[in-house]
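Only one structure is covered here, and it is reproduced in the block below.
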Amino acid sequence: MGEEVPEFVFCNTENCPPVVHDSESQGYETLTIIGDKVYSVGGSESIPNMSINIKVLDKQTGKWLEPIVFGAKPVASKGHSSILLDNERVLILLRDSSTYNSIWFLEVDTPFVKQKRKQLGAEVVAWSKGLIGYGSKPIVISGPSGVGKGTLITKLMTEFPSTFGFSVSHTTRAPRDKEMNGVHYHFTERNKMEKDIQDAKFLEYALVHGNLYGTSIEAVEAVSDAGKRCILDIDVQGARSVRVSPLEAIFIFVCPPSFEELELRLRARGTETEEQIQKRLGNARAELEQAKTPGLFDHMLVNDELESCYQNLKKILVLDENDKAPSQPSMKSFIVPFSHSISKVDQKVIIHCGTNELSASPSTKFILDLSSLEGGAPGRTRGLTLSTINS
Ligand SMILES: Nc1nc2c(ncn2[C@@H]2O[C@H](COP(=O)(O)OP(=O)(O)O)[C@@H](O)[C@H]2O)c(=O)[nH]1
Ligand SMILES: Nc1ncnc2c1ncn2[C@@H]1O[C@H](COP(=O)(O)OP(=O)(O)O)[C@@H](O)[C@H]1O
């Protein structure tokens, strides 16, 4: 798979300040040297919706390789600039894009990348989109089948439609009457889901009641992209996986008032066969036991009388009337200027605006503070702050 060194090369290494490609050409590329490797990040405006392409030069063999790329990829825009942050990641700023889409991290040696490289025995990189601020924490709701998780979540989303969004899981189980593909679940084939698991598209997955269930990274990100707080309805195994993932969430376990009441609700719902009910009741005992694991759940909520349980849920989530108003993503509006250059001082990246911009005066500098980053691939990199200096 070796190739010639690409023709359009814009040097961007530790010793060489980043240079923004400013030609009329529709192809652009930056190079970043890290140890024995050179990472080429390139794109083209002329092909609509094309993702930015990554190649890696192994300096020892002199060969260009195409790495396996994890994470949602940025779509090529009108160019980008890049700067090496540390030996783990490169910051990529897309030109002429809004804040929400402009800040990306190319992870080349983070723990996630190392793990995948080891698993696959191949060159691996991962994309993670950068977010200003932290957003509100997602909510993981677990509990035995029939306890009322779905009922509580529906009440919450009906009362606060602009605050909450549901993470639509994938499952290999058959749809129930009235369940809609893409709304309640993404109903999928086992082979397809196993392939997607291999391709690291899932934040977590588990075998539950004999079927595969999983939360795709895309499902969670679609909710935060819509500026909403994500609700995950997942089993205890899934909650465990999310606990150790980069997604910082609030974990709530819903308990039945008694085992007998749980059985009554499950039967009254009338969606399962007798065999399935027996399996779910068996698993319920195990889940109730596992939920006691110290440090796994932040809150235990007994769903006895529905309305009072719902009020308690809202107290946990600290909701008031203001949450009923449509919420906007807490993004500062900022367009990475077409002409700019970037430099780095400690954990701060300084974006120096060019002289031909309408959006910012030539003396404007934006400071992107990366000192409190959280998360990263697989998923968003949160906790960035952005400020402006007018001199
Ligand atoms: N780990 C994991 N569990 C899930 C996911 N989606 C749903 N579940 C759990 O799978 C179990 C079965 O869900 P479902 O078939 O809808 O039945 P129900 O709980 O009886 O309504 C429940 O405990 C869900 O919380 C997922 O993406 N990951
Ligand atoms: N507090 C409650 N009291 C009585 N029935 C309830 C209560 N909460 C939920 N239910 C009913 O129990 C059944 C199971 O609830 P559901 O939300 O489907 O559970 P889960 O999503 O946890 O499997 C449904 O028929 C629902 O209407």
Side-chain angles (χ1 to χ4, degrees), residues 138-158 166-188 193 196-197 201-220 222-223 230-245 247 249 251-258 260-273 275-288 290-291 296-297 301-313:
I139 304 148
V140 170
I141 300 192
S142 295
S145 181
V147 76
K149 303 179 296 296
T151 308
L152 289 164
I153 292 169
T154 303
K155 276 176 84 65
L156 204 55
M157 293 190 39
T158 308
F166 187 60
S167 155
V168 181
S169 292
H170 283 64
T171 182
T172 59
R173 90 150 157 73
R176 295 173 185 150
D177 280 355
K178 298 192 186 147
E179 277 185 335
M180 285 188 290
N181 193 24
V183 176
H184 299 94
Y185 280 105
H186 297 289
F187 295 101
T188 183
M193 191 156 165
D196 286 348
I197 289 169
K201 291 190 178 162
F202 284 87
L203 180 68
E204 64 75 33
Y205 61 92
L207 195 62
V208 191
H209 316 317
N211 282 297
L212 265 182
Y213 291 78
T215 308
S216 69
I217 293 163
E218 203 183 328
V220 175
V223 177
C230 187
I231 304 180
L232 290 81
D233 173 349
I234 60 176
D235 86 319
V236 177
Q237 305 170 76
R240 262 186 220 285
S241 305
V242 176
R243 251 300 175 211
V244 295
S245 81
L247 195 78
F251 294 76
I252 301 172
F253 188 82
V254 187
C255 316
S258 68
E260 292 68 34
E261 173 66 16
L262 181 69
E263 183 165 356
L264 280 177
R265 285 184 198 170
L266 202 48
R267 288 189 190 286
R269 189 171 70 183
T271 47
E272 271 75 31
T273 63
E275 190 191 345
Q276 286 164 344
I277 289 175
Q278 290 307 328
K279 186 176 255 180
R280 281 161 191 264
L281 288 174
N283 290 343
R285 290 193 189 278
E287 288 199 274
L288 290 166
Q290 289 159 14
L296 181 53
F297 288 98
L301 197 59
V302 180
N303 183 15
D304 189 350
E305 200 278 310
L306 181 60
E307 199 46 44
S308 65
C309 178
Y310 179 57
Q311 294 306 325
N312 287 336
L313 174 61

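Each ligand, and each atom within it, is numbered from 1 in the order the structure gives. Since this is a predicted model, take the numbers as computed values, not measurements. In what follows, residues are counted from 1 in the order of the sequence shown.
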For the residue pair E204 and Q237, establish whether any side-chain heavy-atom pair is separated by less than 4.5 Å. no
Ignoring hydrogens, just give me the one of F202, Y205, Y213 whose non-hydrogen atom is nearest atom 5 (C) of ligand 1. Y213
Measure from atom 25 (O) of ligand 2 to every heavy atom in K155, E261, R269 and give the option owning the shortest one. R269
Measuring only between side-chain heavy atoms, which start at C-beta, is L152 closer than 4.5 Å to Y310? yes
Please identify which atoms of ligand 1 are closer than 4.0 Å to at least one heavy atom of G238. 1 (N)
Provide, to 0.1 Å, the distance between atom 25 (O) of ligand 1 and the closest protein heavy atom, together with that atom's residue and name. D233 OD1, 2.6 Å
Find out whether R240 and V244 are in side-chain contact, i.e. whether some heavy atom of one side chain is under 4.5 Å from a heavy atom of the other. no
Min heavy-atom dist G146 to ligand 2 below 4.0 Å: yes
Residue part near ligand 1, for R176, under 4.0 Å between non-hydrogen atoms: side chain
Looking only at protein heavy atoms, which one is nearest to atom 14 (P) of ligand 1, and how far off is it? Y185 OH, 3.4 Å
Options V254, I141, T271, T151, ranked by nearest heavy atom to atom 26 (C) of ligand 2, top entry: T151
Hey, are the side chains of I252 and L313 touching, using non-hydrogen atoms and a 4.5 Å cut-off? yes
Just to confirm my output: which protein heavy-atom neighbour is closest to atom 27 (O) of ligand 1, and how far is it? S169 OG, 2.6 Å
Heavy-atom count check: over 12 atoms from other residues, nucleotides or ligands less than 6.0 Å from E275 CD? no
Please report whether ligand 1 has a polar contact with T215, defined as an N or O pair separated by less than 3.5 Å (distance criterion only). yes
Considering residues, nucleotides and ligands other than E218, do more than 12 of their heavy atoms fall under 6.0 Å from its CD? no
So with a 6.0 Å cut-off around CZ of R267, is the heavy-atom count from everything else above 12? yes
Using a 4.0 Å heavy-atom cut-off, which part of H170 comes near ligand 1: side chain, backbone, both, or neither? neither
Less than 4.5 Å apart, any side-chain heavy atom of F202 and any of I217? no
Are the side chains of R173 and E179 in touch, meaning some heavy atoms are under 4.5 Å apart? yes
Non-hydrogen side-chain atoms of V242 and T215 separated by less than 4.5 Å: no
What part of E272, side chain, backbone, both or neither, has a heavy atom within less than 4.0 angstrom of ligand 1? neither
Output the list of atoms in ligand 1 that are nearer than 4.0 Å to some heavy atom of H209, sorted by atom number. 12 (C)
Just to be sure I'm reading this right: ignoring hydrogens, which of D235, N283, L207, V242 gets closest to atom 9 (C) of ligand 1? Compare them by their nearest heavy atoms. D235
If you measure from each heavy atom of P144 to ligand 2, is any distance below 4.0 Å? yes
Just jot down the ligand 1 atoms closer than 4.0 angstrom to any heavy atom of G214, in number order. 26 (C), 27 (O), 28 (N)
For D304, state whether at least one heavy atom is located under 4.0 Å from any atom of ligand 2. yes
Shortest protein contact, atom 18 (P) of ligand 1 (heavy atom only): R280 NH1, 3.4 Å
Determine whether more than 12 heavy atoms belonging to other residues, nucleotides or ligands lie under 6.0 Å from atom OH of Y205. no
Do we see a donor-acceptor contact under 3.5 Å between the side chains of T271 and R269? yes
Which of the listed options, G148, G150, C309, A268, holds the heavy atom that is closest to atom 19 (O) of ligand 2? G148
For the student: nearest non-hydrogen atoms of T188 and M193, plus distance: CG2-SD, 3.7 Å
In the protein, what heavy atom is nearest to atom 5 (N) of ligand 2, and what distance, to one decimal place, separates them? R265 NE, 3.5 Å
S216 and H170, any side-chain heavy atoms less than 4.5 Å apart: yes
Result of checking V140, L232, L203 against S167 for side chain to side chain contact (heavy atoms under 4.5 Å, CB included): L232
I'd like to check which ligand 1 atoms, numbered from 1 as shown, lie under 4.0 Å from a non-hydrogen atom of A206. 1 (N)
What protein heavy atom lies closest to atom 28 (N) of ligand 1? Include the residue and the distance to one decimal. E204 OE2, 2.7 Å
Closest heavy-atom pair and its distance - F253, P144: CZ-CD, 3.7 Å
With distance as the sole test, does N303 use its side chain to make a donor-acceptor pair with the main-chain N or O of V147 at under 3.5 Å? yes
Write out the residue and atom name of the closest protein heavy atom to atom 20 (O) of ligand 1, then the distance separating them to 0.1 Å. S145 OG, 2.4 Å
In the protein, what heavy atom is nearest to atom 11 (C) of ligand 1, and what distance, to one decimal place, separates them? V208 CG1, 3.7 Å
Provide the number and element of each atom of ligand 1 under 4.0 Å from a heavy atom of R173. 14 (P), 15 (O), 16 (O)
Between E287 and ligand 1, which part of the residue brings a heavy atom under 4.0 Å of the ligand: side chain, backbone, both or neither? neither
When you measure from atom 8 (N) of ligand 2 to every protein heavy atom, which one gives the shortest distance, and what is it? N303 ND2, 3.1 Å
Under 4.0 Å, counting heavy atoms only: does S145 come that close to any atom of ligand 2? yes
Closest to atom 21 (O) of ligand 1 among protein heavy atoms sits R269 NH1, 3.1 Å
Specify side chain, backbone, both or neither for K149, according to which of its non-hydrogen atoms lie closer than 4.0 Å to ligand 1. side chain
